[in-house]
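Everything below concerns the one structure shown next.
What you see is a predicted model; the values in this text were computed from it and never measured. In what follows, every heavy atom counts, from backbone to side chain, and hydrogens, waters and symmetry copies are set aside. Both counts, for ligands and for their atoms, begin at 1 and track the order of listing. Quick note: residue numbers are just sequence positions, from 1.
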Amino acid sequence: MVDGVNKQVTSLFCISGFCILLALGNPCGPNEYKSANGECCPMCSIGSMVVHDCTGDLSTTCNNCIPETFMSKPSGLKKCFACSHCAKSQGLYIQSKCTTKRDTICDVLDGYYCIGYSNSQCRHAIKHSVCKPGQETKTLGTKTSDTECENCSFGFYSSSGLNCTKWTDCTARNEIHSEDGSPVKDVKCVQKRTRYCLVALCPPVICAAVLAVLYGRSCSEGQTVNNGDKRNWIPIQETSLGPVTTGQTLEETNR
Ligand SMILES: *[C@@H]1O[C@H](CO)[C@@H](O)[C@H](O)[C@H]1NC(C)=O
Ligand SMILES: *[C@@H]1O[C@H](CO)[C@@H](O)[C@H](O)[C@H]1NC(C)=O
């Protein structure tokens with residue numbers, strides 16, 4: 001039964017001529033290699049290399065790979081491969097040390113992304129780009145891709161290049177817009193003058209005092225303007241009970 005199946009498979013391949021090529025190219029078994037003498041010798045297992053090919057009744061002699069070399073597949077090779085290095089200057093660090101059975105595994109340093117591979121291992125990584133002021137980070141960089149930046153839209157600014165923040169709304173803060181914003185800086189707001197606010201907030205007594213001062217001042221100003229003579233201003237202040245007169249001047253007047 002098994003013979004029958006084998007014959008079918010063999011003839012099937014032979015119709016395409018494939019089995020002939022296969023037979024010629026691979027005269028030894030799957031775990032054998034062809035020695036220099038043309039003999040099919042057993043391969044050395046992973047982590048080892050051939051020291052002597054098999055001859056006659058003697059099987060292959062194998063030795064472990066020496067330090068800093070590895071062999072990751074059964075083979076008939078007489079030398080193991082040199083372990084890879086993970087150079088910091090290449091943006092790499094050792095994730096897993098080299099063993100005789102497996103090459104070093106390098107990984108990409110934080111803040112770097114890979115730009116060069118060989119044998120599906122990263123061999124060269126460079127630093128992520130940093131977004132400029134006026135931009136924000138659209139996509140953070142990964143081990144395999146760079147940071148993606150995006151310009152701030154109109155009405156937003158980013159001084160650091162990290163985030164676009166909306167310009168301050170001065171009106172909403174009850175302040176006055178004093179300087180325009182740009183993609184790299186916020187608008188400037190200044191506080192409105194506080195007198196209206198004070199009048200609204202202060203207790204009635206202080207309000208009255210303030211109003212009295214204002215009233216007194218406008219009276220004095222009015223008289224000064226009417227007379228057009230500054231000398232007349234002084235007697236008015238000395239004799240008047242106007243709130244502009246301080247305690248000190250009152251004392252002086254009394255003397
Ligand atoms: C981003 O802004 C810069 C200058 O501010 C401009 O040169 C560039 O074309 C803009 N890029 C995009 C994609 O709009
Ligand atoms: C700024 O951007 C970073 C990432 O780019 C994000 O983690 C952070 O939450 C952002 N901050 C604000 C205030 O949007």
Where is the nearest protein heavy atom to atom 5 (O) of ligand 1: which residue, which atom, and how far?
Asn151 ND2, 4.6 Å
Closer than 4.0 Å and a protein heavy atom, does any atom meet both conditions relative to atom 14 (O) of ligand 1?
yes
Could you walk me through whether His128 and Tyr113 satisfy the side-chain contact (heavy atoms from CB on, under 4.5 Å) test, starting with their C-alpha distance in whole Å, then the side-chain angles of each, then the deciding distance to 0.1 Å, before giving a yes or no?
CA-CA 6 Å; His128 290 148; Tyr113 69 104; 3.5 Å; yes
Please find the pair of heavy atoms, one from Cys83 and one from Thr104, that lie closest to each other, and give the distance.
CB-OG1, 3.7 Å
Yes or no, since that's all I need: does a protein heavy atom fall within a distance strictly under 4.0 Å of atom 2 (O) of ligand 1?
yes
Evaluate the 4.0 Å heavy atom contact test for atom 9 (O) of ligand 1: does a protein atom fall under the cut-off?
no
Would you indicate whether Phe81, at its atom CZ, is surrounded by more than 12 heavy atoms from other residues, nucleotides or ligands within a distance under 6.0 Å?
no
Side chain of Asp169, backbone of Thr171: donor and acceptor closer than 3.5 Å?
yes
